[in-house]
Amino acid sequence: MRRAVSVFLNGMQPSRLAAVLTVWCLCLLYVLFQGGKTSLMLFSMVSLLSVYVIGAGFGGVRRVKAKRVILGDRERRDQLHAGEQVRVRLDVNVPGLLPMPYLVVKEVLQRHNGDSWSFEDSIIPNMRGAGVLVFLTPPLERGRYAFAGTECISEDIFGIMEHRGRIEVNTEFRVLPRTIYIPKWNRNIHRSRLGGTHTTVSASRRETTQINGVRDYVYGDRISRIHWNATAKTGSWKSKEFEHESFPKTLIVLDGAENAYVSDQQFEVAVSAAASLIEYGAKEHAGTGLFTATEEGKLFPPTEQAGERMRMIQHLVDVDYNRKGSLIAELERSYRHFPQGAVLLLISPMSGREASEVLRWVEARGMNPCFLQIMNPGGKALRDESISILRSRGISCYSVSSLEELPAALGGGVA
């Protein structure tokens, strides 16, 4: 009997209520024409089953409600970086009076480029129909992510029929590019107002005579540097903090040529290098800008404002290498907005011979060129002799194949 009813109901999923009423009416007619205790018992069983199925239809999975919360390593959605796992908490509430033995939840996480990742697990709701599902995603790459519709599947306590439901909980988040701490950046500056030819500007900038604040005393500070008033007020040694000479403005140019990169991994190294240098500019209080030379070039003028720097990082989340034209043509369209006398750092996989033409264009526009060459991470590292030619002209050139190599390359100037 159970098998027959199950097959009959499953065959009429679109009109389950009509199917149940049809079975009940057939049993009623059978009782009226046949009579007897057996027929009456069968009719009673079918009636109870019908009430149960109809009651389950008014609640259950099809009316499930859910709330999703995204938590990173620091429980902050806006600070997720590539390579981190994301912790997802899904609070589910299944309305209805009838208990539910289990609930299977299927989640699908989609990336902006079409990649997707699915997760499936089961929870056991309590007597009130509430349950919590917590899971970890795999390490995510840079990009925008959104959850597709969540599918919920369950059966009644007798296992007679399967219930399916779908809920839409709009949840989107962004994963920022990988970054690495850069302690210092040594570079040769031409035509800089800070000094003459081949002036080296590094993290150890000279201090001015302008007092910027007070800091804790560090062993080795001169007596003339001690701030006596602050020391007397606090009871601990304090030293004067002086302002440093400012860096020249820096414009980072990220090459987004479609045919320049061998793999996505190589482009990710370039994006991460750009993001790391933007954070370095924030650490040094240096005016840093960004120009992404993609199909639709985007310029962020050099600035020291934290909000503008975050806009640059957020822009790097969506950037892709899709430019078909030449880099110089893309620069020509926007160079009128480039700051004069700034340091222009080109981040590109092109060889030194190809970059030489671009860097000559930079010099002709009154800017100071630098070049960061991104090698193929999966390929064999070959020394580019043309890089040495650029260095002989006094141009700072660096070459890396991974993000981990960046601090040493910028600090030492030798790849």
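Bear in mind that the values here come from a model prediction, so they are computed numbers and not experimental data.
- Glu84 and Arg178 are not joined by a salt bridge, as no carboxylate oxygen comes within less than 4.0 angstrom of a charged side-chain nitrogen.
- For the 3.5 Å distance criterion, the side chains of Thr303 and Glu308 fail to qualify, holding no donor opposite an acceptor.
- Residues satisfying the ring-ring contact (aromatic ring centres under 6.0 Å, His included) criterion with Tyr145, sequence neighbours excluded, are Phe173.
- Ring to ring, Tyr280 and Tyr181 are not that close: their centroids are 6.0 angstrom or more apart.
- For His112, there are no ring-ring contact (aromatic ring centres under 6.0 Å, His included) partners, not counting sequence neighbours.
- Among Ile278, Val343, Leu290, the one residue that satisfies the side-chain contact (heavy atoms from CB on, under 4.5 Å) test with Thr250 is Val343.
- Under the 3.5 Å distance criterion, with hydrogens and angles disregarded, no donor-acceptor pair is assigned to the side chains of Glu284 and Trp185.
- Side chains of Ser272 and Glu268: no donor on one and acceptor on the other come within 3.5 Å.
- Pairs of residues two or more places apart, or lying in two chains, that qualify as salt bridge (Lys or Arg N to Asp or Glu O under 4.0 Å) and include a residue from residues 113-127 are Arg111-Asp115.
- Counting only N and O atoms by type, the side chains of Arg393 and Ser356 include a donor and acceptor under 3.5 Å apart.
- Side chains of Arg68 and Thr150: a donor-acceptor N/O pair is present below 3.5 angstrom, by distance only.
- Few gaps surround CD on Glu168; more than 12 heavy atoms of other groups in view lie less than 6.0 Å from it.
- Residue pairs meeting the ring-ring contact (aromatic ring centres under 6.0 Å, His included) criterion with at least one member in residues 248-268, sequence neighbours excluded, are Tyr261-Phe267, Tyr261-Tyr321, Phe267-Tyr321.
- Under 3.5 Å, the side chains of His315 and Thr292 contain a donor-acceptor pair of N or O atoms.
- Taken from CZ in Arg142 to CG in Asn113, the straight-line distance is 9.0 Å, to the nearest 0.5 Å.
- Listed by chain and residue number, nothing satisfies the side-chain hydrogen bond (donor to acceptor under 3.5 Å, both in side chains) test with Asn322 (two or more places apart in sequence, or in another chain).
- Partners of His337 by side-chain hydrogen bond (donor to acceptor under 3.5 Å, both in side chains), not counting sequence neighbours: none found.
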